[in-house]
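Beneath this line is the structure, given in structure tokens, with notes to follow.
Note that these values count all heavy atoms, side chains included, but never hydrogens, waters or copies made by symmetry.
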Amino acid sequence: MAAGSLSEKDGEPSALPVSSHGGSTEGDTTIAHHDKNKTEPIALEKADTQVVPAKKSLDDDPYKHLPEREAKILKEQVLTPDVKVGVATLYRYATRNDLLIIAVSAICAIAAGAALPLMTVIFGNLQGTFQDYFGGVTSYDDFTGELARLVLYFVYLAIGEFVTMYIATVGFIYSGEHISGKIREHYLESCMKQNIGFFDKLGAGEVTTRITADTNLIQEGISEKVSLTLQSLATFFAAFVIGFVSFWKLTLILLSTVVALTLVMGGGSQFIIKFSKDNIAAYAEGGSVADEVISSVRNAIAFGTQDRLARQYDVHLTRAEYFGFRLKGSLGVMVAGMMTVLYLNYGLAFWQGSRFLLSGDTELRKILTVMMSVMIGAFNLGNIAPNLQAFATALGAAAKIYNTIDRQSPIDSSSDEGGKLETVSGTIRLENIKHIYPSRPDVTVMEDVSLVIPAGTVTALVGASGSGKSTIVGLVERFYTPIEGKVYLDDVDISTLNVRWLRQQIALVSQEPTLFACTIYDNIRHGLIGTKWESEPEEQQRERIFDAARKANAHDFITSLPEGYETNVGERGFLLSGGQKQRIAIARAIVSDPKILLLDEATSALDTKSEGVVQAALEVAAEGRTTITIAHRLSTIRDAHNIVVMAQGRIVEQGTHDELLEKRGAYYKLVTAQAIAAVNEMTAEEEAALDQEEEAALIRKATRNSQKEGPAGYVEDPEDNIAQKLDRSKSQQSVSSVAIAARSKEEKKEYGLWTLIKLIASFNKKEWHMMLIGIFFSAICGAGNPTQAVFFAKLISSLSRPIVNDEIRESIKSDASFWCLMYLMLALVQCLAFSIQGWLFAKCSERLIHRVRDMAFRSFLRQDVEFFDRDENSAGALTSFLSTETTHVAGLSGVTLGTIIMVLTTLIAACTVALALGWKLALVCIATIPILIGCGFFRFWMIAHYQRRAKSAYAGSASYASEAITAMRTVASLTREQDVLQHYKDSLAKQQHASLISVLKSSLLFAASNSLMFLAFALGFWYGGTLIAKYEYDMFTFFIVFSSVIFGAQSAGSVFSFAPDMGKATEAARDLKELFDRKPTVDTWSNEGDSVKQVDGTIEFRDVHFRYPTRPEQPVLRGLNLSIQPGQYVALVGASGCGKSTTIALLERFYNPLSGGIFVDGREISSLNVNEYRSFIALVSQEPTLYQGTVRENIILGANSDVTDEQIKFACQEANIYDFIMSLPDGMNTVVGSKGALLSGGQKQRIAIARALIRDPKILLLDEATSALDSESEHVVQAALDKAAKGRTTIAVAHRLSTIQKADIIYVFDQGRIVEQGTHSELMKKNGRYAELVNLQSLEKH
């Protein structure tokens, strides 16, 4: 339907609302032919209107142009109030029990946090006990008694820590899940109440992300993160309390450590956040380039521009690498800063402490206690920052969700307000209706429509698409509120009736039947919801359901399914054809015996075979009810009591079939056209015979050896005989199975870890010297800990000497100064080593990611079209693979290697030092290393694990919710809201139960990892103390062995947690390896095939059979024969799905045919070099693809070699676009937005034509090049195409037949073969299939 045609006839083009892609080049160049000077300013203004609105729509009120009252009605259908969310709101749905659990858990978390610094007191006291023993203050028995007492404290601490940690973690996770589950329920409940306009504005996708992603964010913010934060805070405060109580002067001095750490972390994270933003932004641009290219990959393949596009993508990768390097580099420097502060803190504490010690202010054990507790406290402060982030995100997510929960729906299906009629006869009356959809406020869909639909009659609505037919259905169902006028049911205004009751009186069958993922029986039963039969006994319900299925002509095919009515539609839905799904939907609609039946193009999506069956079912269904039916095919409505013809939101004429024919108006034209068409339809029998013939022929071709062909005669709707459909592949190999079995399924390959490591290493080959230096410095970083242990032991042993005279005092002073300076030196060395290795590995890993992304993107572009047809390879999936999987790979790169080297150095050095100095204690301590490393690792790993679990646990219920929301209209019309909610609640409860059990188990590990280290301490001190008691060891030996092994192992464990996830890395590397190894059937990287120097343009299809690899059960071409002479202009026409576009795709060699051959100049195209062959072809497709960049860049993408400005100008003139481009302010350098968003459809299409012409192709393929345009732009583009076709072999696929009347020969397709051919006038004389198509179309332009 041409958007402007009617209003021009009415002579009031000004009244026409500007359509959404308004102000396109309405005829700018058609005028241009007559008088070039005049049009320049017009074209410019029009181009201008095209570019501005994009910016405006964000801040302006879209309803500004409407009168106050109308704007108010529309606004209340879409606007959502903003809710202020505080911490209390997050816990709005917490029950008394939840709050109790939270309180207990919080107390436990605080206790667990405070227990950590208590260890320092025991540590200090133990040192004091040793010192007393060596100083001869205590006897052997006293010493062993005291030792046992203090060691037992460690054991008690371990037990206390374990219990409190366990309760805190489980409690918070449980309450978090419970509360977020409640939020999920309320959110879905609220969504179910909302009016349909709300979803038009939001889109089902957004609702789905909220119910999955946003609720997960809330759950993260109120679960284990809370307990971790409370713990860290408690640790921090407890540590300083202990410090100040032990010795306040030193604690005050050491507070500087906290300041230093805060500065390092604060400063570091500032940079990290800044660079991370830049990095994400730079990559986002790259990602959108990738998305543009992949979503229009056929274009890139056809024009052979893969390499140029990959280079364009690489530009963004280079920028992302720059920021990524800075990001990871600053992270490395921040870690270095933290290490430095750590060692400086030791130095300062000992130096200042030795001063206090010598002046007699304090004793050594208190210095140790203070020093260690300050360290623990300071580092725990650092754990809080990342959690605060999670709380902030949770609040942000909650705001969005609570906005919807608190929204009052203007048409609320869950409320009990509104009247209900005692009896319903079913008369519907529309009075002066004016309607605008809230999501498209600039288009008036209905204008002053009044219509009476008497009870028990059938009223049919006909008209072009967009004329307002479906809107009537939406208003009767009360999905929307009209802006003016009222809808009456039995003379009662429906806005005063109860919404749910009203919808229960009405049954709706829409164009795309939506079935839910449950059994067929349950799907039909959904129709009974809310009616008086809902609570009937099972037996009667079953009878009623079977009866409805019989009426809908569905009972027979359902019973022939292996599982009958119990067949699950979700899993086996693919076994049902469109017609079968539609019949189930009809059964669902009539099972409740509704008074009013709405059929919204119920048969338009079906093929001829199913349509007859479904139509019969509908006629049975409509008897004795008020029926409103919307039809495309007029033959289906000739018996209607009243036929209403609509155009542009108004009623043009109405009456019975015969009355309207006498008027000879719009309806008459429609009917005559469609009548001719019906003559040449293939009957179902003919088609079945053809199917069989084709299958037999193909099988002979495919198998080549005589295999017995079983009988396969069937006449009834062959779709229905499913049992046979399932068996057939056994009894007689269907063609698809034979031909496609030959193309074996790609199986997942298994790769060894070594192969993957080699693959990843190969990307970093150039940086090997950087890697070596990095590894060297990693080793130095690792050696820091054991070295520190030596200093620590030296200081303790020298400071614990009894001060007898001044000589000793001096030597203690000089010893302390020396070792404290050594700490300073160590701090500087570590600072340097950590910075250098962090910086180097950052460089390597960013280079790696850059190269992997580039390579992956190029590998995607290498694949053939078949690869992109698969569901799992949608543009979104591939783009996200490029952004996420590639970054995971870094987990197997240099950084991980550096980490491993660091850990190994620490452990080896620590064990060596310990064994050399005191092998007995060393062996005992070394025995605890696995436990300590495990603790360090699991502490962090479990936290990550909780997050992963929370995400995956709710995937099932989320997909259920999103299924319901996507099918919101169906849910609303069936009043299934309560049912959906109940289902969702049950599945949530199941998941909560399952996850509670898993949390109870996994929290044991988490609590253990936090408490076992106390036991290791206890063991070390107890055994060491025993050795000291026997005078086997002195203080120095004990402390060096103990601290090097135990602290070494602890630090090694926590370093592990910084290592990126290696599991993800191997997964990602495996996917990449598979991608790099995948060799497509049509490979653009290969140099195989004969070279093509020139092409004349003779094209021949010989008996070509083809099925799309992703839908092997559906034949597309069935023995196509075509021949085209050089220079001919050939048009392919036919109904949609008959194989026209497939012909073009095969010519471009996007696919290879199953059998038969395609010849160009007598050579089979699969034998030619694919790149050279494609360079002689140009494709202009239905949706013109423009990439980000200037007009000029977009045009030269088509060129095979470098082009001059003259050539560009010539191509643009040929494409009728040169004048328009020149009229833009920047001319050729005008920037086209993403996917060409700043140009109208016609302008984009002409630029695409210029791009096709610049390569001067010998064969020009036009795939519905004008179908997406309005009639004005179409003339302009058509003129350009006619010009372009001169002197070339041109093949055009056309929907609008007016565009191809001049073709040299027209081929008419039907179901994959050619049924007619000839010129326009020859075919019109035949009065066959082509004539039918022509008449049909002249109608839409009435």
Chi angles and distances behind the side chain to side chain contact (heavy atoms under 4.5 Å, CB included) call for Ile1247, Leu1186:
CA-CA 8 Å; Ile1247 290 179; Leu1186 300 185; 3.9 Å; yes
Determine, step by step, whether Leu759 and Thr755 satisfy the side chain to side chain contact (heavy atoms under 4.5 Å, CB included) criterion, reporting the C-alpha distance in whole Å, the side-chain angles of both residues, the deciding distance to 0.1 Å, and the verdict.
CA-CA 6 Å; Leu759 168 76; Thr755 326; over 6 Å; no
Using side-chain hydrogen bond (donor to acceptor under 3.5 Å, both in side chains), reason through Asp1263 and Ser1141 one step at a time and then give a plain yes or no.
CA-CA 6 Å; Asp1263 189 356; Ser1141 299; 3.1 Å; yes
Mind running side chain to side chain contact (heavy atoms under 4.5 Å, CB included) on Leu1262 and Val1293 for me, showing each step along the way?
CA-CA 6 Å; Leu1262 309 173; Val1293 170; over 6 Å; no
Chi angles and distances behind the side-chain hydrogen bond (donor to acceptor under 3.5 Å, both in side chains) call for Thr879, Asp291:
CA-CA 6 Å; Thr879 318; Asp291 189 57; 3.3 Å; yes
Report the C-alpha distance between Ser288 and Glu285 in whole Å, list the side-chain angles of each, state the deciding distance to 0.1 Å, and finish with yes or no for side-chain hydrogen bond (donor to acceptor under 3.5 Å, both in side chains).
CA-CA 5 Å; Ser288 68; Glu285 284 174 28; over 6 Å; no
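Contact of the Phe868 side chain with the Leu878 side chain is registered, since non-hydrogen atoms from C-beta on lie closer than 4.5 Å. Side-chain contact between Arg858 and Asp307 is present, with heavy atoms from C-beta onward closer than 4.5 Å. Side-chain contact between Met1228 and Ile1208 is present, with at least one heavy-atom pair separated by less than 4.5 Å. Side-chain atoms of Glu1067 and His888, non-hydrogen and from C-beta on, never get closer than 4.5 Å to each other. Contact of the Asn873 side chain with the Arg870 side chain is registered, since non-hydrogen atoms from C-beta on lie closer than 4.5 Å. Between Val889 and Phe763 there is no side-chain heavy-atom pair separated by less than 4.5 Å. Counting heavy atoms from C-beta on, the side chains of Leu1147 and Ile1177 never come closer than 4.5 Å. Side-chain contact check for Asn299 versus Tyr1187: some heavy-atom pair is nearer than 4.5 Å.
Closest approach of Leu1179 to Phe1150, counting heavy atoms only: CD2-CZ, 4.3 Å. Taking every heavy atom of both residues into account, Ala1248 and Val1180 meet most closely at O-CG2, 4.4 Å. The minimum heavy-atom distance linking Ala1252 with Leu1260 is given by the pair CB-CD1, 4.3 Å. When all heavy atoms of Pro1153 and Leu1146 are compared, the pair lying nearest together is N-CD2, 4.1 Å. Shortest non-hydrogen contact noted between Val1104 and Gly1157 is CG2-O, 3.5 Å. Annotation for Ser1086 and Asn1169: closest pair O-ND2, 4.1 Å, computed over non-hydrogen atoms.
Expressed to the nearest 0.5 Å, how far CZ of Phe1176 lies from CD1 of Ile1259 amounts to 9.5 Å. A distance of 9.0 Å separates OG of Ser778 from CG of Leu840, quoted to the nearest 0.5 Å. Distance check, rounded to the nearest 0.5 Å: SG of Cys844 to CD1 of Ile849 gives 11.5 Å. Expressed to the nearest 0.5 Å, how far CG of Leu327 lies from CZ of Phe275 amounts to 8.5 Å. Ile1195 CD1 to Cys1212 SG: the interatomic distance, rounded to the nearest 0.5 Å, is 3.5 Å. In this structure, Lys1244 NZ and Asn1194 CG are separated by 11.0 Å, a value rounded to the nearest 0.5 Å.
Between the side chain of Gln1245 and the backbone N or O of Ser1181 there is at least one donor-acceptor pair closer than 3.5 Å. Gln863 places a side-chain N or O within donor-acceptor distance of the main-chain N or O of Ser859, the cut-off being under 3.5 Å. Formation of a donor-acceptor pair under 3.5 Å by the Asn1171 side chain with backbone atoms of Thr1084 is found in this model. Using modelled atom types, one side-chain atom of Thr906 and one backbone atom of Gly782 make a donor-acceptor pair closer than 3.5 Å. When atom types are taken as modelled, the side chain of Asp314 and the backbone of Leu317 share no donor-acceptor pair closer than 3.5 angstrom. Using modelled atom types, no side-chain atom of Arg851 and backbone atom of Ser762 make a donor-acceptor pair closer than 3.5 Å. In this structure a side-chain-to-backbone donor-acceptor pair under 3.5 Å is present from Arg1174 to Glu1148. Between the side chain of Thr305 and the backbone N or O of Ile301 there is no donor-acceptor pair closer than 3.5 Å. Here the side chain of Asp864 pairs a donor or acceptor atom with the backbone of Thr1081 at under 3.5 angstrom.
The environment of OH in Tyr751 is crowded: more than 12 heavy-atom neighbours from other residues, nucleotides or ligands sit within 6.0 Å. With a 6.0 Å radius and a threshold of 12 heavy atoms from other residues, nucleotides or ligands, Glu1164 has its CD atom above the threshold. Around CH2 of Trp768, the count of heavy atoms belonging to other residues, nucleotides or ligands within 6.0 Å does not exceed 12.
The side-chain hydrogen bond (donor to acceptor under 3.5 Å, both in side chains) search around Ser269 returns none, not counting sequence neighbours. Listed by chain and residue number, nothing satisfies the salt bridge (Lys or Arg N to Asp or Glu O under 4.0 Å) test with Lys1258 (two or more places apart in sequence, or in another chain). For Asp1083, the side-chain hydrogen bond (donor to acceptor under 3.5 Å, both in side chains) test picks out Arg862, with sequence neighbours left out. Residues satisfying the side-chain hydrogen bond (donor to acceptor under 3.5 Å, both in side chains) test with Arg853, not counting sequence neighbours, are Thr886. Here Asp214 pairs with nothing under the side-chain hydrogen bond (donor to acceptor under 3.5 Å, both in side chains) rule; sequence neighbours left out.
Listed by first and then second residue, the salt bridge (charged side-chain N to carboxylate O under 4.0 Å, His left out) pairs that reach into residues 324-339 are Lys328-Glu846, sequence neighbours excluded.
Under the ring pair (Phe, Tyr, Trp, His ring centres under 6.0 Å) rule, Phe860 has a single partner from Phe1076, Tyr313, Phe881, which is Phe881.
Gln1207 and Thr1204 share a side-chain donor-acceptor pair at under 3.5 Å. For Lys1093 and Ser1091, the side-chain atoms include at least one donor-acceptor pair closer than 3.5 Å.
A salt bridge links Glu767 to Arg847: at least one charged side-chain nitrogen sits closer than 4.0 Å to a carboxylate oxygen. Of the charged side-chain nitrogens involved, none lies within less than 4.0 Å of a carboxylate oxygen, so that Arg319 and Asp278 do not count as a salt-bridged pair. For the pair Arg298 and Asp869, the salt-bridge criterion is met [side-chain N within less than 4.0 Å of a carboxylate O].
Less than 6.0 angstrom separates the ring centroid of Tyr1151 from the ring centroid of Tyr1108.
A cation-pi contact links Arg1251 to Phe303, judged by a cut-off of 6.0 Å to the six-membered ring centre and 45° from its axis.
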